[in-house]
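Working notes for the structure below.
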Amino acid sequence: MKIVFMGTPDFAVPSLQALIDSPHEVVGVFTQPDRPKGRGGKVQASPVKQLAVRHGIPVFQPERIRRDGVEDLRGLAPDLCVTAAFGQILSQEVLDIPRLGTVNVHASLLPRHRGSAPIAWAILQGDAEVGVTTMLTDKGIDTGAMLLKKSLPRDPAMTCGELTEVLSRVGASLLMETLAGLEDGTVKPVPQDESRMTYDPMLKKEMGEIDWTQSGEAVANRILALNPWPGCSVPWGEGRLKLLRAAAAEGAGQPGEVIASGKTGLVVACGEGAVAVTQLQAPGGKAMAAADYLRGHPIPVGTRLA
RNA sequence: CGCGGGGUAGAGCAGUUUGGUAGCUCGUCGGGCUCAUAACCCGGAGGUCGUGGGUUCAAGUCCCACCCCCGCAA
């Protein structure tokens, strides 16, 4: 089949790689325009673009595909479109172009966690099961009929970044299964149960503010869910102390009060229980184990974090 | 040329303003105490102070260049 791939970040890379390695022909790749990124404001190509370029696949980067990418897409005459974390909404006009439709790889167990940050929300809400769903894209946001689903138990120690990497590989293999199933007719679209659907908004920077009156588990999940972006932090000296990794812990005290500090990490009392911050990052410093940080910067028990 | 922080023992840091033979916490090794311990006491090993130049009687500390890491902003 002639396939056009649409995707942008690291999550989409394994799926594109799988298509490249398959007998299918990837005739074009759509990805977000290069944007200024990193220090010095240097523009940088998306991970998907970098991979496409390495394989000599034509790359298209319209600001809005539904506005100024339609003709390019039509010109590629794809049998099928595959999307994975593309970052743009497809119009009906775009969806009508591929003969066999558009398959999307979504990093949640639909109909839960529709939206652009499904993995973070799954962690944020403490889901026991996480996974990937392949689906036929329709005009709504993640509302199309489901094709295949793969779920796995969530490792409560994993950050969003780590889980994203795991699920990106799960997504790639599920995509291959899905395409094979569509070709031999063993995979049939199943409508989503609208009554059980949840739509989660994009992550915002403000979500990184810690509310110590929440339970220790909730605080730990927030820290994990928002790593690497936007990250949780607390005011610290001139800047902010970033909290990168944590786990629910035993203990009690005033919310925000440090109740243990040392080899076990930084244990902070919460509204219910406590949270052990195990990895953090000080202004200007690298990410490091909390125990390492505390050797050079002791934080006495009793300190109150905002 | 977007703004800014930092590179000193295995780890995390202080010391740089006022140049003068390198220090703290932890780890590690050896010994001691203890029913016992992530406890305590004693002792030891371990550092070309990011790299290359320069100034100086003397440079971690001052000057110049370069490399690497990180935060903000996007």
Side-chain angles (χ1 to χ4, degrees), chain A residues 7-13 30-50 59 61-65 85-89 115-117 119-120 157 159-162 164-165 201-210 216 222-253 257-269 273-303 305-306:
Chain A
T8 300
D10 288 318
F11 176 80
V13 167
F30 281 70
T31 191
Q32 294 276 31
D34 297 357
R35 308 236 191 253
K37 210 170 192 163
R39 275 165 226 115
K42 293 181 277 278
V43 294
Q44 213 173 340
S46 73
V48 161
K49 177 179 177 178
Q50 292 178 29
V59 174
Q61 299 177 276
E63 199 64 46
R64 285 278 179 277
I65 186 171
F86 177 37
Q88 292 190 26
I89 295 171
S116 59
I119 302 172
T159 64
C160 184
E162 292 163 343
T164 297
E165 194 187 324
M202 289 196 290
L203 301 179
K204 291 195 193 71
K205 231 172 178 181
E206 306 82 76
M207 292 171 65
E209 291 293 333
I210 301 269
R222 176 166 296 264
I223 289 170
L224 294 171
L226 272 44
N227 175 346
W229 195 88
C232 287
S233 61
V234 293
W236 193 248
E238 302 284 304
R240 297 184 71 86
L241 187 66
K242 301 184 76 170
L243 311 180
L244 301 177
R245 204 181 282 271
E250 301 287 312
E257 181 183 2
V258 174
I259 54 178
S261 176
K263 295 183 176 68
T264 55
L266 187 65
V267 183
V268 185
V275 63
V277 177
T278 53
Q279 188 184 41
L280 48 74
Q281 181 170 21
K286 291 185 170 193
M288 66 183 80
D292 287 346
Y293 177 77
L294 292 169
R295 283 189 199 108
H297 308 268
I299 299 176
V301 169
T303 302
L305 301 179

Taken in chain and number order and not counting sequence neighbours, the residues that satisfy side-chain contact (heavy atoms from CB on, under 4.5 Å) with P47(A) are D10(A), V13(A)

In short, salt bridge (charged side-chain N to carboxylate O under 4.0 Å, His left out) pairs touching residues 278-291 of chain A with sequence neighbours left out are none

Atom CG of D292(A) and atom C1' of G12(B) are separated, to the nearest Å, by 6 Å

By side-chain contact (heavy atoms from CB on, under 4.5 Å), A291(A) pairs with (sequence neighbours left out) none

A306(A) and V234(A) have their tightest heavy-atom pair at O-CG1, 3.5 Å

By salt bridge (charged side-chain N to carboxylate O under 4.0 Å, His left out), E63(A) pairs with (sequence neighbours left out) R35(A)

note: Q279(A), atom CD; G12(B), atom P; distance rounded to Å ~ 13 Å

If pairing means Watson-Crick or G-U wobble with both distances under 3.5 Å, then the partner of G12(B) is C24(B)

Those residues at least two apart in sequence (or on a different chain) that pass side-chain contact (heavy atoms from CB on, under 4.5 Å) with E209(A) are R240(A)

Rounded to whole Å, the CG-C1' distance (L280(A) to G12(B)) equals 11 Å

Residues at least two apart in sequence or cross-chain that pass side-chain hydrogen bond (donor to acceptor under 3.5 Å, both in side chains) with T159(A), listed by chain then number, are E162(A)

Checking N1-N3 plus N6-O4 or O6-N4 for Watson-Crick, or N1-O2 and O6-N3 for wobble, each under 3.5 Å, the partner of C62(B) is G54(B)

Applying the 3.5 Å cut-off to both distances, the Watson-Crick or G-U partner of C49(B) turns out to be none

Partner of C1(B) under the Watson-Crick or G-U wobble criteria, both distances under 3.5 Å, comes out as none

Under a 3.5 Å limit on both distances, the Watson-Crick or wobble mate of C40(B) is G32(B)

- Pick the C1' atom in C3(B) and in A65(B), then give their distance to the nearest Å. 23 Å

Output a table of nitrogen or oxygen pairs between the protein and nucleotides 38-40 of chain B separated by less than 3.5 Å.
from	atom 1	to	atom 2	distance (Å)
A38(B)	O2'	K263(A)	NZ	3.4

Does some side-chain heavy atom of R245(A) sit less than 4.5 Å from a side-chain heavy atom of L224(A)? yes

Counting primed atoms, P, OP1 and OP2 as sugar-phosphate and everything else as base, the B/S/- map of nucleotides 67-74 of chain B against protein heavy atoms under 4.0 Å is --SBBBBB

Applied to residues 287-297 of chain A, the salt bridge (charged side-chain N to carboxylate O under 4.0 Å, His left out) test, sequence neighbours excluded, yields D292(A)-R295(A)

Roughly how many Å apart are A45(B) and A39(B), using the C1' atom of each and rounding to a whole number? 24 Å

Review point. Using the C1' atom in both, what is the distance from G12(B) to G52(B), to the nearest Å?
Key: 28 Å

**OP:** Please state the P separation for the pair G23(B) and C35(B) - nearest whole angstrom.
**Re:** 37 Å

**Request:** Pick the C1' atom in U28(B) and in A36(B), then give their distance to the nearest Å.
**Result:** 23 Å

